[in-house]
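Structure, as structure tokens:
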Amino acid sequence: MKVVHTRAELAAARAAESGRAVALVPTMGALHRGHRHLFDRAHENPSAALYVSIFVNPLQFGPAEDLAHYPRPIADDLDMCAAAAADVVFAPSVEELYRGGTPAVTVHAGPLGDILEGRSRPGHYDGVLTVVAKLFNLVRPDTAYFGQKDAQQLVLIRRMVRDLDYPLEIAGVATVRDEDGLALSSRNRYLSPAERGHALALSRALRAGQAAAPHGAAAVLDDARAVLAGTPQLQLDYLELIDADTFDPLDPQTGRGLLLVAARVGGTRLIDNVTLELGALPERADGMYSKET
């Protein structure tokens, strides 16, 4: 495994691939089993080299967010990359990736970047798309892998690739969960045992909403809200049901929907989502639920 820190080192590693396909997994480090699942999915193409980027991107943090305290266990991250048989890890400094300081020209997420997470975190997705665009330009991958847990990010990156004609495929990868249902996140390490118990209401609410899908959108939201209301320790940001593919409003009776939730547990903000089919028995959409539940 090569670990490179500069553009020049990355370019040399990329040139050495001799026409081999490249699969990219962009990360902010603090790697966990969810990232390992992304690496494993990338390895499903045995002919592709696996590139992992590790970069805590300052552009996507708001002034009141935890950039300074975001975990940076680089030694552990490199161990996981090595165990996953990554070919190249690109771990640049802020100065290396943003030469000349904060960029004057950035990628704007458009209207979709202003709702849900974008409403709660203004400018967040502009920062995400800007760094992802830079990584695509520098690594020049054939395929890039992103988790479904941040569904809004995944949709925006796909739109950027389509609208700006990036010559690569975006692969979405299902959310990975602990046995108790909590979606894996680098932020979970901030939760105390009691806070983790409260956080489980998020996946329970999504499960309740998914089970109510045969009865329409109103039932989905009512049942999910009822679960959340039973955990007053949660500070709910939003609970929304939208079209899973477009993020547009959903027909209240039929269609493939995405149920999203965001809430703060103590000092930690968590997000989660599940897909569902309105007007039909809930399928096993993400490995968490089944028809029997």
Set of residues satisfying side-chain hydrogen bond (donor to acceptor under 3.5 Å, both in side chains) with respect to Asp180, sequence neighbours excluded: Arg196
Tell me the closest heavy-atom pair linking Ala262 and Leu236, and the distance in Å. O-CD1, 3.4 Å
Grab the two heavy atoms, one from Ala133 and one from Val107, that are nearest each other, plus how far apart they are. CB-CG2, 4.1 Å
Apply side-chain hydrogen bond (donor to acceptor under 3.5 Å, both in side chains) to Asp40 and list each qualifying residue two or more places apart in sequence or on a separate chain. Arg36
Could you pull out all residues at least two apart from Asp223 that satisfy salt bridge (charged side-chain N to carboxylate O under 4.0 Å, His left out)? none
Residues Leu202 and Ala263: closest non-hydrogen pair is CD2-CB, 3.9 Å
Which atom pairs, one a donor and one an acceptor, fall under 3.5 Å between side chains of residues 154-171 and the rest of the protein, sequence neighbours left out?
residue : atom : partner : partner atom : Å
Arg159  : NH2  : Thr246  : O            : 3.0

Could you list all the salt bridge (Lys or Arg N to Asp or Glu O under 4.0 Å) pairs where at least one residue sits in residues 226-235, not counting sequence neighbours? none
Name the atoms and distances for all side-chain donor-acceptor pairs under 3.5 Å in residues 68-75, with sequence neighbours left out.
residue : atom : partner : partner atom : Å
Arg72   : NH1  : Leu67   : O            : 3.2
Arg72   : NH1  : Tyr70   : O            : 2.8
Arg72   : NH2  : Leu67   : O            : 3.1

What are the two closest heavy atoms between Leu138 and Leu97, and how far apart are they? CD1-CD1, 3.6 Å
Name all pairs fulfilling the salt bridge (Lys or Arg N to Asp or Glu O under 4.0 Å) condition that reach into residues 48-62, sequence neighbours left out, sorted by first residue then second. none
Under the side-chain hydrogen bond (donor to acceptor under 3.5 Å, both in side chains) definition, can you give me all pairs with a residue in residues 105-119, not counting sequence neighbours? His108-Asp126, Glu117-Tyr238, Glu117-Arg269
Does the Arg14 side chain pair with the main chain of Arg140, one donor and one acceptor, at a distance under 3.5 Å? yes
side-chain hydrogen bond (donor to acceptor under 3.5 Å, both in side chains) partners of Gln235, counting only residues at least two apart: none
Would you mind listing every salt bridge (Lys or Arg N to Asp or Glu O under 4.0 Å) that reaches into residues 256-266, with sequence neighbours excluded? Asp245-Arg256
Mind listing the side-chain donor-acceptor pairs of residues 51-62 below 3.5 Å, one per line with the distance, residues two or more places apart or on another chain?
residue : atom : partner : partner atom : Å
Tyr51   : OH   : Ala13   : O            : 3.3
Tyr51   : OH   : Glu17   : OE2          : 2.9
Asn57   : OD1  : Leu59   : N            : 3.3
Asn57   : OD1  : Tyr98   : OH           : 2.6
Asn57   : ND2  : Gln60   : OE1          : 2.9
Asn57   : ND2  : Gly127  : O            : 3.0

Counterpart residues, side-chain hydrogen bond (donor to acceptor under 3.5 Å, both in side chains), relative to Asp142 (two or more places apart): none
